[in-house]
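Here is the structure we will look at, set down as structure tokens.
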Amino acid sequence: MKVIIVGGVAVGASAAARIRRLDESAEITVFERSGYISYANCGLPYYIGDVIEDAEDLTIQTPENFYKRFRINMKVRHEVTAIHPDKKTVTVINLETGEEFEESYDKLILSPGAKPTQPRFLGAELDKVFTLRTVEDTLRIKNYINKKHPKSAVLAGGGFIGLELAENLRELGMDVTIVEYANQLMSPFDSDMVAFIHNEMRKHGVKLVLGRAVEGFEEKEGRIKVLLKDDAPLHTDMAVLVIGVTPDTALAKEAGLELGIKGAVVINDRMETSVPDIYAGGDAVQIKHFVTGLNTLIPLAGPANKQGRIIADNICGLDSRYKGSQGSSILKVFTLTAAVTGINETQAKAVGIDADSVILSPMSHAVYYPGGKVMTMKVVFEKETYRLLGAQIVGYEGVDKRIDVLATAIRAGLNAVDLKDLDLAYAPPYSSAKDPVNMAGFMIDNIARGVLKQWHLEDADKLPRDGSVTLLDTRTVAEYSQGHIDGFKNIPVDELRERLDEVEKGKPVFVICQSGLRSYIASRILEGNGYTAYNFAGGFRFYDAVTNDRSLIERATVCGMDN
């Protein structure tokens, strides 16, 4: 069996190695147009920032090592320029010599990945304007920084790579501005949760220009002028386009393969394309979202590596199926960790799912053990069914553990109430006897049983101030004096039973505290005394962070750059 693989990074390298483990006699050739195979895309910004000091550490395997261990021919600097399904051949150009030749195949695997999304900007070809996708891109940026010592950079795009690059350039001492077309960074997060990410970026000196579109670049007096739609230009020493990626599927289109979203290759659950004996995977393919069942694009390394293995299994006679991706991902944002799995509340509502959420602020480990830090968790579920839809966590230590538990729960088909029953490891340095994931489950169970009724951030401005409802803040007097929502009366929870005569009967009571725990206790006191009480999801800490962030964004929209 002769297997040709187009692309030698995640899918290609994974499939090649798996085929060899299953079939010692297979003839396997990988054509990779760059000079590197099996490299760590996610590590590229960290090489630019000197966290990874040796460029060789970015490449997990070399062509020589791959051949020595697996007897796989890794042909770097070779580009496949055409596929001929009728003849079962591909046309290849050796980019170093210019030689063109045809190679036959029994099975063909397409893993060309994706290319940086690069609209036809004026000036995108300037030598001070960069993209970041490959090792070569990384070396180009790094060499420019080392030689020219730029003092500032503008990054167009506020996704994973944009934030990682911003952090690393700041660590090099550069002034960094992120321009993002949307009104928030990191679209996998809801706009309320992303407030903590915005705050961390600002705290470390990254300027945010949100809700603005880059229209082009001009070079003037040795610097770059970044042109913005309906706003004044930005002036910088270098610019990097990290807007996102687009499936690189020109080959597939010319070969007549069926294409879907943004030109991505359509595959079935065996990773087979519409043309016999041609498989595809990675950033170039359209997949099913595990939570929604809808077609989507999820360009992440984890799914890509799994897809490579599945392709290899099916080529070698096994029956493996790809069940979809839920987009589990995690990001370092200076001192913060931000993680997400499944869909967020905004996405759920956009596809017609009636969603609700709980928001909590647990400690990373037992309160009495030194060094614990607070995290903010948002768990999203479907009303009525309590199907677990997704989760977002922003915090410090312990975020990765909780997001992986929640991702596993989604994959296992647990509902949101089931989270309370998970038997999770506990020791004071690592967790609490009631793990944050369990706590989310307890809260959702209370909602399901009618023990807890919530009100949310979007309700805050709608609450009447005409006396028809009672607005109650149950924090201490000192906390209340440092900031509160207008119209809320302060009765500390520990004084509430003695001061119930100050809360008028017959009116619904909307309660808030710092994190949501004391206001929940107050709600139960009120309910036990004949009141109808609603607890604020997230607490004043959450309310304050989100409203301050939105105020900064709104002010920047009116006045200019976000500081």
Side-chain angles (χ1 to χ4, degrees), residues 190-193 195-196 345 355-367 372-381 386 391-395 398-399 402 406 416-417 419-420 432-460 463 469-476 478-480 482-485 487-496 503 508-528 531-549:
D190 282 314
S191 62
D192 50 10
M193 290 295 290
F196 297 94
E345 198 167 9
D356 197 359
S357 65
V358 293
I359 299 167
L360 57 159
S361 301
M363 296 293 287
S364 56
H365 60 239
V367 175
K373 293 185 177 180
V374 71
M375 66 178 75
T376 303
M377 294 178 59
K378 182 174 186 177
V379 179
V380 182
F381 57 94
Y386 292 92
Q392 302 152 65
I393 311 177
V394 181
V399 169
R402 275 70 188 210
L406 289 160
V417 175
L419 298 177
K420 67 182 177 61
S432 301
K434 296 177 182 177
D435 187 87
V437 174
N438 295 138
M439 291 301 301
F442 294 146
M443 293 170 68
I444 296 166
D445 180 55
N446 281 338
I447 293 171
R449 295 175 183 271
V451 173
L452 171 62
K453 293 185 283 290
Q454 296 192 114
W455 63 283
H456 293 276
L457 185 68
E458 60 266 27
D459 302 318
L463 292 177
V469 301
T470 299
L471 307 178
L472 184 62
D473 188 321
T474 60
R475 294 176 296 157
T476 65
E479 288 173 311
Y480 180 84
Q482 291 173 2
H484 57 269
I485 304 175
F488 275 72
K489 176 184 178 66
N490 180 219
I491 302 179
V493 64
D494 293 334
E495 302 174 15
L496 181 57
V503 183
V509 186
F510 291 83
V511 194
I512 193 170
C513 73
Q514 190 69 7
S515 67
L517 176 58
R518 284 173 288 173
S519 52
Y520 167 64
I521 294 169
S523 295
R524 296 311 306 151
I525 293 172
L526 291 164
E527 291 274 349
Y531 296 84
T532 299
Y534 297 85
N535 188 32
F536 180 70
F540 185 79
R541 170 184 169 272
F542 179 78
Y543 171 88
D544 194 45
V546 178
T547 54
N548 283 339
D549 176 59

Any side-chain heavy atom of L471 sitting closer than 4.5 Å to one from I485? no
Donor-acceptor under 3.5 Å (Q454 side chain, S357 main chain): yes
Between D356 and H456, which heavy-atom pair has the shortest distance, and what is it? OD1-NE2, 3.0 Å
Among V358, L406, I359, which one satisfies side-chain contact (heavy atoms from CB on, under 4.5 Å) with M377? L406
Check whether any side-chain heavy atom of F381 sits under 4.5 Å from a side-chain heavy atom of V417, and report yes or no. no
Ignoring hydrogens and geometry, is there a side-chain-to-backbone donor-acceptor pair from Q392 to D190 under 3.5 Å? yes
The criterion is side-chain contact (heavy atoms from CB on, under 4.5 Å); which residues satisfy it with L517, sequence neighbours excluded? S515, I521
Partner set under salt bridge (Lys or Arg N to Asp or Glu O under 4.0 Å) for D544, not counting sequence neighbours: none
Across all chains, not counting sequence neighbours, the side-chain hydrogen bond (donor to acceptor under 3.5 Å, both in side chains) partners of K434 are none
Return the orientation label for the Y534 and F510 ring planes: parallel under 30°, perpendicular over 60°, tilted otherwise. parallel
Do M439 and P362 come close enough that some side-chain heavy atom pair is under 4.5 Å? no
For E527, check side-chain hydrogen bond (donor to acceptor under 3.5 Å, both in side chains) against everything at least two apart and list the hits. K453
For R541, what residues pass the side-chain contact (heavy atoms from CB on, under 4.5 Å) criterion, not counting sequence neighbours? F196, S361, V374, T376, Q514
Under the side-chain contact (heavy atoms from CB on, under 4.5 Å) rule, collect the residues that match up with S523, sequence neighbours excluded. V511, A533, N535
Please enumerate all residues that pass ring-ring contact (aromatic ring centres under 6.0 Å, His included) together with Y543, with sequence neighbours excluded. F540
Polar side-chain atom of Y480 near backbone of F488 as donor-acceptor pair, under 3.5 Å: yes
Any non-hydrogen side-chain atom of M363 less than 4.5 Å from a side-chain atom of S432? no
Quick one: does T532's side chain have a donor or acceptor within less than 3.5 Å of a partner on P508's backbone? no
State the CD1-OG1 distance between I491 and T470, to the nearest 0.5 angstrom. 9.0 Å
Shortest non-hydrogen contact from R402 to I393? CB-CD1, 3.5 Å
D494 meets the side-chain hydrogen bond (donor to acceptor under 3.5 Å, both in side chains) criterion, sequence neighbours left out, with none
Sorted by chain and number, sequence neighbours left out, side-chain contact (heavy atoms from CB on, under 4.5 Å) with N446 holds for V451, L452, Y520
Where the side chain of N490 meets the backbone of D473, is there a donor-acceptor pair that is under 3.5 Å apart? yes
side-chain hydrogen bond (donor to acceptor under 3.5 Å, both in side chains) partners of D192, counting only residues at least two apart: K378
With side chains defined as the heavy atoms from C-beta onward, is the minimum distance between R518 and T476 less than 4.5 Å? yes
In Å, rounded to the nearest 0.5 Å, how long is the span from CG of L457 to OG of S191? 8.0 Å
Holding to salt bridge (Lys or Arg N to Asp or Glu O under 4.0 Å), I want the full list of residues that pass it with K489, two or more places apart in sequence or in another chain. E502
Would a 4.5 Å heavy-atom cut-off, applied to side chains only, mark I444 and K420 as touching? no
Do W455 and L463 touch side chain to side chain, with heavy atoms closer than 4.5 Å? yes
Check: I512 and R475 side chains under 4.5 Å, non-hydrogen atoms: no
Could you give the distance from CG (D459) to CZ (F536), rounded to the nearest 0.5 Å? 8.5 Å
Value rounded to 0.5 Å, distance of CE in M443 from CG in L419: 12.0 Å
